[in-house]
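Below you'll find the structure, written out as structure tokens, and then a few comments.
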Amino acid sequence: MKTVFVNGELIDRDKAKVDIEDRGYQFGDGIYEVIRVYNGSTFTMKEHMERLYQSAEKMKLSIPYGEEEFTAKLLKLIELNDVKDGIVYLQVTRGVSARQHHFPSKDVVGSVVAYTKDFPVPSHQMNNGVTAKLVEDIRWLRCDIKSLNLLGNLLAKQEAASEGHFEAILHRGNTVTEGSSSNAFMVKDGVIYTHPVTNLILNGITRRVIEDLCRKNDIAFQEETFSVSELMAADEVFIASTTSEVMPVIGIDGQVIGEGKPGAVTKRLQALFSDRKGMVAR
């Protein structure tokens, strides 16, 4: 990560600075995306960028670049850092202004930061599965916006990590929503279930790829709520995200899920996802 992008400039990492009155720093008043890079090429970049601008619209936040121009800047950053297998992180805040809760005047320009990072595929965990912990979902009611307000996610993830788990699976009452940094899925009698796209979850890009793969390969896929007890009785459970891809969950709260190893449906999806990655192009 020698070069980073800060407010229109590609500069050395050690020269990058953020103003102390940036609203992202003071309020979490901003949005972000994480885009995968495989073999030097971005994966589902268009979908990520579209979601970024959708989040901006929902937050009444202005991005100082058009989507095409911003995409070109990110591709240049990836090229300069010679990223092969990794990620590019980008965030946009409402900009720098005197601290006040209401929005600043319209002439305040949003702050934009992006950087790259090497991030190999977590093959060992994908092959063997991971464990998770159930945590009550205490987040706000606009989880469909990929905002910087992640305290609820962080508290849940830390609770799970402190007990040695890979992920926290969140639930509102008895209804499973998603993971703290992933979407959650269960498999029962060959059918994949996941929470519908509402304000209670983020419509993950990997989630969308999985849905498309299911539709095109005759795998039953249902956007339908399910309970904690149904999750625990599932044949298979997996989570999905940009960095975790299709990740089998073999145990939750100390209880074995299914046969305690990645199941047939999950492994098939992993293979299909791997094939889709092989077709990536900028």
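Everything numeric in this text was worked out from a predicted model, so none of it was measured. The basis for the numbers below is simple: all heavy atoms, side chains too, and nothing from hydrogens, waters or symmetry mates.
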Practice problem: Could you label the plane-to-plane angle of the Phe43 and Tyr38 rings as parallel, tilted or perpendicular, counting under 30° as parallel and over 60° as perpendicular? | Solution: perpendicular

Quiz prompt | Sub-4.5 Å side-chain heavy-atom contact between Asn217 and Arg268 | solution = yes

Exercise. Would you name the heavy atoms of Leu231 and Ile257 that are closest together and state the gap between them?
Key: O-CD1, 4.1 Å

Quiz item: Just by modelled atom types, is the Gly8 backbone N or O under 3.5 Å from a matching donor or acceptor in the Tyr65 side chain?
Solution: yes

Practice problem: Using the rule that two of Ile, Leu, Val, Met, Phe, Trp, Tyr join whenever any of their side-chain heavy atoms come within less than 4.5 Å, decide whether Ile205 and Leu202 are in one cluster. | Solution: no

Practice problem: Enter the distance from Ser227:OG to Met232:CE here, rounded to the nearest 0.5 Å. | Solution: 11.0 Å

Quiz prompt | Test item: His165 and Val130 side chains (from C-beta on) under 4.5 Å apart, heavy atoms | solution = no

Quiz item: Can you find a heavy atom in the side chain of Pro104 that is under 4.5 Å from one in the side chain of Arg23?
Solution: yes

Quiz item: Can Thr177 and His195 be counted as having a side-chain donor-acceptor contact under 3.5 angstrom?
Solution: no

Quiz item: Centroid-to-centroid, Tyr193 to Phe226, below 6.0 Å?
Solution: no

Quiz item: Taking all non-hydrogen atoms of both residues, which atom of Arg36 and which atom of Asp85 are closest, and how far apart?
Solution: NH1-C, 4.2 Å

Quiz item: Counting distance only, does the side-chain N/O of Lys188 pair as donor-acceptor with the main-chain N or O of Ala233 below 3.5 Å?
Solution: yes

Self-check item: Distance (rounded to the nearest 0.5 Å) between Lys60 NZ and Lys106 NZ
Solution: 11.0 Å

Quiz item: Nearest 0.5 Å, what's the CD1-NZ distance between Ile78 and Lys73?
Solution: 14.0 Å

Self-check item: Reported CD1-to-CG distance for the pair Ile35 and Leu75, which is rounded to 0.5 angstrom
Solution: 8.5 Å

Quiz item: When rounded to the nearest 0.5 angstrom, what is the spacing between CZ in Arg51 and NZ in Lys146?
Solution: 5.0 Å

Quiz item: Donor-acceptor pair, Thr44 side chain versus Glu47 backbone, under 3.5 Å?
Solution: no

Practice problem: Determine yes or no for a side-chain-to-main-chain donor-acceptor pair under 3.5 angstrom, with His171 supplying the side chain and Gly173 the backbone. | Solution: yes

Exercise. For the residue pair Thr116 and Ile87, establish whether any side-chain heavy-atom pair is separated by less than 4.5 Å.
Key: no

Quiz item: Of all heavy-atom pairs between Asn153 and Ser180, which one has the smallest distance, and what is that distance?
Solution: ND2-O, 2.8 Å

Quiz item: Looking only at heavy atoms, what is the nearest atom pair of Ile250 and Gly129, with distance?
Solution: CG2-CA, 4.0 Å

Quiz item: Can you tell me if CD on Gln125 sees more than 12 non-hydrogen neighbours from other groups inside 6.0 Å?
Solution: yes

Exercise. Taking atom types as modelled, find out whether Asp22 and Ser111 have a side-chain donor-acceptor pair closer than 3.5 angstrom.
Key: yes

Quiz item: Do Tyr115 and Asn81 come close enough that some side-chain heavy atom pair is under 4.5 Å?
Solution: no

Quiz item: Any side-chain heavy atom of Ile219 within less than 4.5 Å of one from Leu272?
Solution: yes

Quiz item: Are Val187 and Leu134 joined in one hydrophobic group, where the rule is that I, L, V, M, F, W and Y side chains link up if heavy atoms are under 4.5 Å apart?
Solution: yes

Quiz item: So does Lys58 pair up with Asp144, basic N to acidic O under 4.0 Å?
Solution: yes

Quiz item: Linking I/L/V/M/F/W/Y whenever any side-chain heavy atoms sit under 4.5 Å apart, do Leu10 and Leu90 land together?
Solution: yes

Quiz item: Are the side chain of Thr194 and the backbone N or O of Ala184 linked by a donor-acceptor pair below 3.5 Å?
Solution: yes

Exercise. Is it possible for you to check whether Arg94 lies under 6.0 Å from the centre of the six-membered ring of Phe103, through NZ or CZ, and within 45° of that ring's axis?
Key: yes

Quiz item: Would one find more than 12 heavy atoms of other residues, nucleotides or ligands at under 6.0 Å from atom CD of Glu9?
Solution: no

Quiz item: For the hydrophobic clusters of this structure (ILVMFWY residues joined by side-chain heavy atoms under 4.5 Å, transitively), does one cluster hold both Phe238 and Val256?
Solution: no

Practice problem: Identify the two heavy atoms, one from Met126 and one from Gln270, that lie closest to each other, and give their separation to 0.1 Å. | Solution: O-NE2, 3.0 Å

Exercise. Count the heavy atoms belonging to other residues, nucleotides or ligands that lie under 6.0 Å from CD of Gln100, then report whether that count exceeds 12.
Key: yes

Quiz item: Quick one: does Asp118's side chain have a donor or acceptor within less than 3.5 Å of a partner on Gly86's backbone?
Solution: no

Practice problem: Among Tyr32, Phe119, Phe5, find the one that has a ring-ring contact (aromatic ring centres under 6.0 Å, His included) with Tyr89. | Solution: Tyr32

Quiz prompt | Option among Arg172, Arg207, Arg139 that satisfies the salt bridge (charged side-chain N to carboxylate O under 4.0 Å, His left out) test with Glu178 | solution = Arg139

Quiz prompt | Within 6.0 Å of CD in Glu50, more than 12 heavy atoms from elsewhere | solution = yes

Exercise. Please confirm whether the backbone N or O of Lys133 pairs with a side-chain atom of Glu167, one donor and one acceptor, at under 3.5 Å?
Key: no

Practice problem: Might you work through the side chain to side chain contact (heavy atoms under 4.5 Å, CB included) test for Leu141 and Leu200, ending with a clear yes or no? | Solution: CA-CA 6 Å; Leu141 297 178; Leu200 298 181; 4.0 Å; yes

Practice problem: Would you please test Lys2 and Arg13 for side chain to side chain contact (heavy atoms under 4.5 Å, CB included) and show each step? | Solution: CA-CA 6 Å; Lys2 179 181 179 182; Arg13 169 68 177 84; over 6 Å; no

Quiz item: Is there a donor-acceptor contact under 3.5 Å from the side chain of Asp19 to the main chain of Glu21?
Solution: yes

Quiz item: His101 and Phe27: aromatic ring centres closer than 6.0 Å?
Solution: yes

Quiz prompt | Whether Asp253 side chain and Gln255 backbone form a donor-acceptor pair below 3.5 Å | solution = no

Quiz item: Given the rule that I, L, V, M, F, W and Y join up when any side-chain heavy atoms are under 4.5 Å apart, are Val108 and Leu148 in one cluster?
Solution: no

Quiz item: Going by heavy atoms in the side chains, are Thr71 and Glu67 under 4.5 Å from each other?
Solution: yes

Quiz prompt | Exercise: identify the closest heavy-atom pair between Pro262 and Lys267 | solution = O-CE, 3.7 Å

Quiz item: Is the shortest distance from a Lys or Arg side-chain nitrogen in Asp212 or Arg208 to a carboxylate oxygen in the other one below 4.0 Å?
Solution: no

Quiz item: Atom OG of Ser182 and atom CD1 of Ile169: how far apart are they, to the nearest 0.5 Å?
Solution: 7.0 Å

Quiz prompt | Between Ser41 and Asn39, a side-chain donor and acceptor under 3.5 Å | solution = no

Exercise. Keeping the roles fixed (side chain from Ser244, backbone from Ala240), state whether a donor-acceptor pair exists under 3.5 Å.
Key: no

Quiz item: Just wondering, do Cys214 and Ile192 contact through their side chains at under 4.5 Å, heavy atoms?
Solution: yes

Self-check item: Criterion side chain to side chain contact (heavy atoms under 4.5 Å, CB included) on Ile31 and Gln91, from CA distance to verdict
Solution: CA-CA 6 Å; Ile31 53 177; Gln91 74 172 41; over 6 Å; no

Practice problem: Begin from the C-alpha positions of Phe221 and Ile210 and carry the test side chain to side chain contact (heavy atoms under 4.5 Å, CB included) through to its verdict. | Solution: CA-CA 9 Å; Phe221 184 94; Ile210 289 170; 4.2 Å; yes

Quiz item: Does the side chain of Thr206 pick up a donor-acceptor pair with the side chain of Glu245 at under 3.5 Å?
Solution: no

